[in-house]
Amino acid sequence: MGILVDENTRLLVQGLGRDGSFQASSCRAYGTNMVAGVHPRRDGTKFEDEVPIFETVAEAVEATGANVGLIFVPAAGAADAIIEQVDAGLPLVVCISEGVPVQDMVTTLAYIEGKSSRLLGPNCPGLIHPSSRAKVGIIPGNILSEGRVGVVSRSGTLTYEAVMQLTDLGIGQSTCIGIGGDPLHGTTFVDVLEMFENDDETDAIVMIGEIGGTKEQQAAEFIKNHVTKSVVGAIVGQTAPPGKRMGHAGAVITGKAALASEKIRGLKEAGVHVAESAAVIGAKMAEVLGR
Amino acid sequence: MGILVDENTRLLVQGLGRDGSFQASSCRAYGTNMVAGVHPRRDGTKFEDEVPIFETVAEAVEATGANVGLIFVPAAGAADAIIEQVDAGLPLVVCISEGVPVQDMVTTLAYIEGKSSRLLGPNCPGLIHPSSRAKVGIIPGNILSEGRVGVVSRSGTLTYEAVMQLTDLGIGQSTCIGIGGDPLHGTTFVDVLEMFENDDETDAIVMIGEIGGTKEQQAAEFIKNHVTKSVVGAIVGQTAPPGKRMGHAGAVITGKAALASEKIRGLKEAGVHVAESAAVIGAKMAEVLGR
Amino acid sequence: MNIHEYQAREILESYGVSVPRAGVASTPDEARQLAVEFGGRVAVKAQVHAGGRGKAGGVKLVQAPDEAAEAAAGMLGTNLVTHQTKAGGAPVRKVLVAELTDIADELYVAITMDADAKAAMVMASSEGGVEIEEVAANTPNKIVRHAVDPLIGLSPYHARDIAMKIGVPTDLVQPATGLITNLCRVFQELDASLVEINPLVVTTDGRVMALDAKIAFEDDALFRHREILDLEDSEQNDELEQKAHDAGLAYVKLDGGRVGCMVNGAGLAMATMDITKTAGAAPANFLDVGGGAAEDKIAEAFEIIVSDDDVEVILVNLFGGILRCDVAARGIVMGAQYTGTQMPLVVAMRGTNANEGLQILADAGLNVTTVGDLGEAATALTQVLGADGSNA
Amino acid sequence: MNIHEYQAREILESYGVSVPRAGVASTPDEARQLAVEFGGRVAVKAQVHAGGRGKAGGVKLVQAPDEAAEAAAGMLGTNLVTHQTKAGGAPVRKVLVAELTDIADELYVAITMDADAKAAMVMASSEGGVEIEEVAANTPNKIVRHAVDPLIGLSPYHARDIAMKIGVPTDLVQPATGLITNLCRVFQELDASLVEINPLVVTTDGRVMALDAKIAFEDDALFRHREILDLEDSEQNDELEQKAHDAGLAYVKLDGGRVGCMVNGAGLAMATMDITKTAGAAPANFLDVGGGAAEDKIAEAFEIIVSDDDVEVILVNLFGGILRCDVAARGIVMGAQYTGTQMPLVVAMRGTNANEGLQILADAGLNVTTVGDLGEAATALTQVLGADGSNA
């Protein structure tokens with residue numbers, strides 16, 4: 001069983017436009033059990049002639065017993081989709097949408113607090129659990145291999161880079177999760193690190209951070225006190241100038257703590273094996289695992 | 001010990017303008033232990049040469065160990081005062097202020113939910129516990145007498161009328177509470193009925209309702225299922241026309257359930273001894289108690 | 001506080017709510033010109049603060065500008081009597097001239113404050129164009145309710161859900177969703193107590209719009225909406241109620257009573273009204289002088305009661321709390337002197353400074369019967385009104 | 001998105017925030033007239049999107065209208081170079097002419113979004129008129145922080161508390177409370193990312209006002225604030241950044257690099273920038289082409305990189321996810337054909353349709369070195385840049 005998705009995952013995909021359909025299709029192709037789609041004005045039709053599409057999330061959950069929601073709706077409607085999925089009681093809500101206004105996330109995160117749903121994202125690539133062929137999001141399935149290293153990252157494509165390095169070195173992955181590049185998001189490094197620490201399938205962890213915020217420092221603090229498994233870390237943005245947003249809304253150097261160098265220092269102090277560059281994350285893990 | 005205030009009450013009064021000062025003074029005169037005042041620009045001075053006045057509620061609570069807050073600030077600032085007192089951790093917050101915008105109460109009640117403070121009011125006369133000489137609000141102390149009848153009401157002056165009838169008939173009161181005439185308020189009939197039911201000092205209960213809303217029906221439902229003590233009830237507004245606000249923001253006949261006759265029917269069905277008019281509340285209680 | 005339909009329409013339009021093209025006319029000629037502008041086929045609607053205009057002849061659908069002028073001429077300057085107005089009706093000073101739309105379906109949507117939900121409540125129904133009370137009584141399952149979350153407001157997905165449930169055609173769900181969301185913004189941003197669209201229409205040419213609109217505002221929040229205060233048309237209000245309102249008094253004129261009531265506290269005021277029944281009479285008014293009323297406010301309240309032609313006796317019932325009875329007594333004396341009334345007063349005063357108050361009244365030589373409580377008040381009232389109080 | 005001080009000042013004024021009297025001048029004569037209007041003693045302030053104007057000569061305090069005109073003449077039409085501008089400075093097209101106020105105290109207040117608090121954060125200090133970073137470094141205990149509750153907003157009592165803690169005189173706490181509350185409304189209602197008042201001044205005649213104002217807006221929320229978009233002065237932006245922005249690309253020009261980077265995904269883009277260091281070089285830009293970029297958008301991105309004079313080699317690193325590598329490759333070919341560039345490309349393509357993408361590039365006959373991953377990219381870069389890459 002994966003830490004969040006696995007063979008019991010019953011996937012609902014909300015937002016079946018061009019990109020959403022393409023990605024939903026590849027989730028299915030990977031082996032994920034997609035049980036429902038939600039899209040306006042397509043009530044009663046079927047996705048790929050097999051998966052029923054509903055007008056609302058509540059109807060879809062009621063009819064199909066979906067237990068994981070995946071959101072591809074445009075940024076302006078993403079917070080509303082998250083709330084709709086949370087209201088429908090989905091235990092895990094994964095929001096891929098990029099560019100959600102940060103104030104929408106302020107109220108949405110406050111609204112979710114105390115409710116039983118976990119949010120992953122927004123602006124994240126989702127997660128994937130190769131051993132059960134469960135993919136919820138946009139991480140390309142073909143680069144993964146079954147194994148015992150957990151991967152968590154703020155980035156999308158950089159995660160793929162790291163996973164590919166691991167796979168190329170014969171190091172398989174347990175679960176791979178992107179927490180997203182926005183400053184305000186649901187599931188954090190600390191949440192995932194705790195899950196990996198308690199996960200029987202995971203022996204070691206790759207954690208990829210970047211400039212901006214202090215989430216990596218919080219992760220370092222948690223690793224120091226609560227993580228017994230080996231952690232390989234990498235921080236990107238060493239060549240980024242201060243005050244400029246590097247794509248991700250959260251990747252801005254606003255002060256000393258937001259610097260890559262500060263984060264690297266914090267991780268090293270917590271006993272994390274920090275890769276010198278993102279190009280050698282796989283090599284670092286191989287070294288740590290003694291391969 | 002009273003159900004909410006008693007000899008352990010350490011009173012903080014916020015808003016020491018003309019009316020607030022007059023009422024704070026009579027709380028003290030009755031015997032209440034007022035330990036702090038809060039009023040802008042009077043930091044460091046003393047109320048009646050004895051009670052220290054502070055600039056903020058947090059300071060006042062910190063310095064004096066106040067455990068009950070009483071609010072006399074103007075309506076426009078009342079919600080803010082409630083929030084300030086709740087944030088300062090006062091277990092009981094009593095808001096006398098009348099005319100608080102109802103949308104302020106929507107957010108304020110949502111904010112309080114889950115916090116450890118209880119709110120009484122707004123637009124209420126407060127409460128009084130004669131046996132410990134604890135008065136928090138504006139109920140005239142001289143009309144009360146020690147005894148074993150609990151009084152709860154949506155009204156202010158009508159409560160005094162009822163209490164005076166009881167006192168005149170030699171029937172003393174345990175605690176007397178006004179929950180307030182606004183449609184959205186903190187403590188409800190049901191809350192107080194539950195406290196009276198569990199109160200060793202209370203043998204019987206007077207409950208005074210009025211037109212508007214369905215709070216009396218909720219009380220009737222609760223009485224039917226959970227109250228073993230005798231309840232004398234009265235509902236005013238039998239001569240009120242529909243659609244007109246009778247002073248209290250909550251006293252409007254908006255539909256059938258809001259009618260006095262409907263509420264009386266509900267109470268009777270719940271086994272409440274309903275007084276034919278507010279003039280005979282005391283007499284009804286005397287009858288019920290067999291005096 | 002209530003406003004006219006044309007004012008509500010303007011507010012809605014400024015919030016992006018679709019409404020038919022319309023204009024306000026104060027003369028038949030203005031009505032004619034507006035009708036010309038809108039192509040002749042228009043509705044002419046009397047602007048009064050009351051429902052039931054249609055049945056009362058306050059709404060005319062016409063086919064040509066001259067007919068519009070004629071309809072306006074028939075309304076302007078008259079008093080319109082509907083089942084919601086007082087017997088004398090409400091004065092019509094303006095008419096709304098609105099283009100006619102071809103209606104495919106009539107729906108209903110309103111937002112009110114709900115005490116049980118402790119939140120704003122959206123109520124909607126597929127049954128528009130009739131009074132919602134009727135729908136509630138006959139087919140309650142046709143009313144959709146949704147409480148607005150205080151933190152996140154009305155979620156678009158809920159607005160959409162409401163639109164679908166009341167039968168908005170699929171291709172119009174999106175504009176209807178926006179419309180409902182905007183109504184909610186009006187309610188919340190302007191501290192309304194009611195925003196009611198009845199009917200919300202679906203037109204044959206595929207639009208959704210608010211055909212009739214009623215907005216009322218929370219009196220307690222008007223202090224932060226000065227611009228709304230300017231919309232008040234005090235001519236629509238009862239004269240005495242308006243005078244009381246201007247004086248900051250909670251006063252409601254009641255039809256058919258002859259006992260003027262002056263009380264502090266809304267609950268006690270209602271109890272005092274109710275007690276007149278025991279005396280076989282009926283209250284002429286509800287009046288709560290409020291908490292910290294000063295002498296001049298009490299005097300003004302007294303004058304308002306006295307100037308009500310229906311009133312034959314005044315029942316004063318004051319319980320000193322924030323209000324001090326001595327202050328109130330001085331106000332009554334002031335009011336009595338100013339009006340020169342000889343009307344009998346039945347007076348109960350208890351609580352803070354009650355004895356001083358009663359003494360002040362006694363010293364002033366007014367026609368006062370002092371009583372100890374509500375029960376005694378009823379008895380005294382019967383005596384003052386004469387043996388056969390039931391004729392009152 | 002940034003706006004000019006004069007625009008921020010207008011927004012604040014519309015939200016009831018006290019600001020000094022001021023006007024905008026585009027010519028020395030207009031500046032003179034404004035100075036006359038304000039009594040001669042004015043500040044003339046160059047309107048550029050950069051801090052550090054004072055030290056750079058972009059702010060002049062003058063005593064007479066002629067001096068104001070002279071100061072304006074010295075600024076208008078020039079490029080102002082501050083420590084925050086690019087080397088070439090920022091063009092001054094307008095100056096703000098503001099009345100001088102007699103300052104008793106300089107304070108600081110700002111609102112930003114705080115990721116840890118998951119809420120807007122008010123930051124205030126008794127130390128105004130200097131950069132807050134300095135205060136944070138030297139006397140961090142002089143900074144007051146308060147997270148704004150998402151449900152109730154900034155409570156007046158908190159605003160009051162902040163005002164007291166930063167030393168607003170007792171009799172000015174009330175207006176300061178209102179001012180701070182209004183700043184918070186600006187932040188929340190307009191989806192700002194920064195509202196900074198530095199200094200917030202207490203004047204000798206007993207007023208509190210925003211003497212200088214900086215407002216920046218959340219790019220992701222601009223879609224719901226069309227009126228703010230109109231405030232953009234694209235002339236203040238880097239030319240390539242502006243072009244990328246117009247094309248919907250996340251692009252940042254970096255000084256001193258010669259490796260143009262085209263990547264999808266912000267994290268991978270930063271990793272790609274960082275990897276140039278391994279090759280002894282430096283990145284010329286950050287560029288994330290985004291998720292679902294179409295051919296023409298990729299082509300435009302390619303053109304922007306090529307049109308950067310600093311760029312000698314292009315490092316393409318794409319990982320197909322939502323983006324499909326074949327689509328990206330066609331875009332690159334389109335861009336290369338349009339620009340006619342012969343510049344060497346180091347290309348890594350992985351993920352969705354990577355092989356098709358590489359095939360398309362190969363078929364197009366571009367000067368491509370294909371690599372398998374980031375490590376190989378560094379090696380290839382070193383080779384392309386020449387043996388002594390460190391001279392780059």
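Reminder, nothing fancy here: chain letters follow the sequence lines and each chain counts from 1.
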Would you say [X]'s side chain and [Y]'s backbone share a donor-acceptor pair under 3.5 angstrom?
{"X": "Gln165(B)", "Y": "Gly282(B)", "answer": "yes"}
{"X": "His49(C)", "Y": "Gln236(C)", "answer": "no"}
{"X": "Ser277(B)", "Y": "Ile275(C)", "answer": "no"}
{"X": "Lys115(B)", "Y": "Tyr111(B)", "answer": "yes"}
{"X": "Asn198(C)", "Y": "Val130(C)", "answer": "yes"}
{"X": "Thr167(B)", "Y": "Ile143(B)", "answer": "yes"}
{"X": "Lys253(C)", "Y": "Ala284(C)", "answer": "yes"}
{"X": "Thr187(B)", "Y": "Ile179(B)", "answer": "no"}
{"X": "Arg118(B)", "Y": "Gly186(B)", "answer": "no"}
{"X": "Thr276(C)", "Y": "Thr272(C)", "answer": "no"}

Using non-hydrogen atoms only, which part of [X] is less than 4.5 Å away from chain B: side chain, backbone, both, or neither?
{"X": "Tyr251(C)", "answer": "neither"}
{"X": "Ala115(C)", "answer": "both"}
{"X": "Asp255(C)", "answer": "neither"}
{"X": "Met113(C)", "answer": "side chain"}
{"X": "Glu133(C)", "answer": "neither"}
{"X": "Ala271(C)", "answer": "both"}
{"X": "Gln188(C)", "answer": "both"}
{"X": "Ala216(C)", "answer": "neither"}
{"X": "Lys277(C)", "answer": "side chain"}

Heavy-atom closest pair, residues [X] and [Y]:
{"X": "Ala219(B)", "Y": "Phe189(B)", "value": "CB-CB, 3.8 Å"}
{"X": "Thr157(B)", "Y": "Asn264(C)", "value": "OG1-O, 2.7 Å"}
{"X": "Leu254(C)", "Y": "Met273(C)", "value": "CD1-CE, 3.7 Å"}
{"X": "Val135(C)", "Y": "Ser125(C)", "value": "CG1-OG, 3.9 Å"}

Can you tell me which portion of [X] sits under 4.5 Å from chain C's heavy atoms? Options are side chain, backbone, both or neither.
{"X": "Glu276(B)", "result": "neither"}
{"X": "Glu161(B)", "result": "both"}
{"X": "Pro140(B)", "result": "side chain"}
{"X": "Glu210(B)", "result": "side chain"}
{"X": "Asp182(B)", "result": "neither"}
{"X": "Phe22(B)", "result": "side chain"}
{"X": "Ala76(B)", "result": "both"}
{"X": "Met246(B)", "result": "both"}
{"X": "Ile138(B)", "result": "both"}
{"X": "Ala249(B)", "result": "side chain"}
{"X": "Arg245(B)", "result": "both"}
{"X": "Ile139(B)", "result": "neither"}
{"X": "Val100(B)", "result": "backbone"}

Against chain B, work out which of [options] has the most heavy-atom pairs shorter than 4.5 Å and name it.
{"options": "Asp191(C), Leu323(C), Asp288(C)", "value": "Asp191(C)"}
{"options": "Asp116(C), Thr352(C), Thr112(C), Asp373(C)", "value": "Asp116(C)"}
{"options": "Gly265(C), Ala378(C), Ala117(C)", "value": "Gly265(C)"}

Legend entry - Passing option when Val274(B) is tested against Arg265(B), Met207(B), Lys268(B), Lys284(B) for side chain to side chain contact (heavy atoms under 4.5 Å, CB included):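 Exactly one candidate clears the test, Lys268(B).
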I'd like to verify something: which residue of [options] has the highest number of heavy-atom pairs under 4.5 Å with chain C?
{"options": "His248(B), Gln238(B), Gln103(B)", "value": "Gln103(B)"}
{"options": "Ala162(B), Gly247(B), Pro101(B), Ser155(B)", "value": "Pro101(B)"}
{"options": "Pro183(B), Gly237(B), Ala110(B)", "value": "Gly237(B)"}

Inset, instruction - State, yes or no, whether a side-chain contact exists between Leu222(C) and Ile228(C) at a heavy-atom distance under 4.5 Å. - result: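 They are in contact (side-chain heavy atoms under 4.5 Å apart), so the answer is yes.
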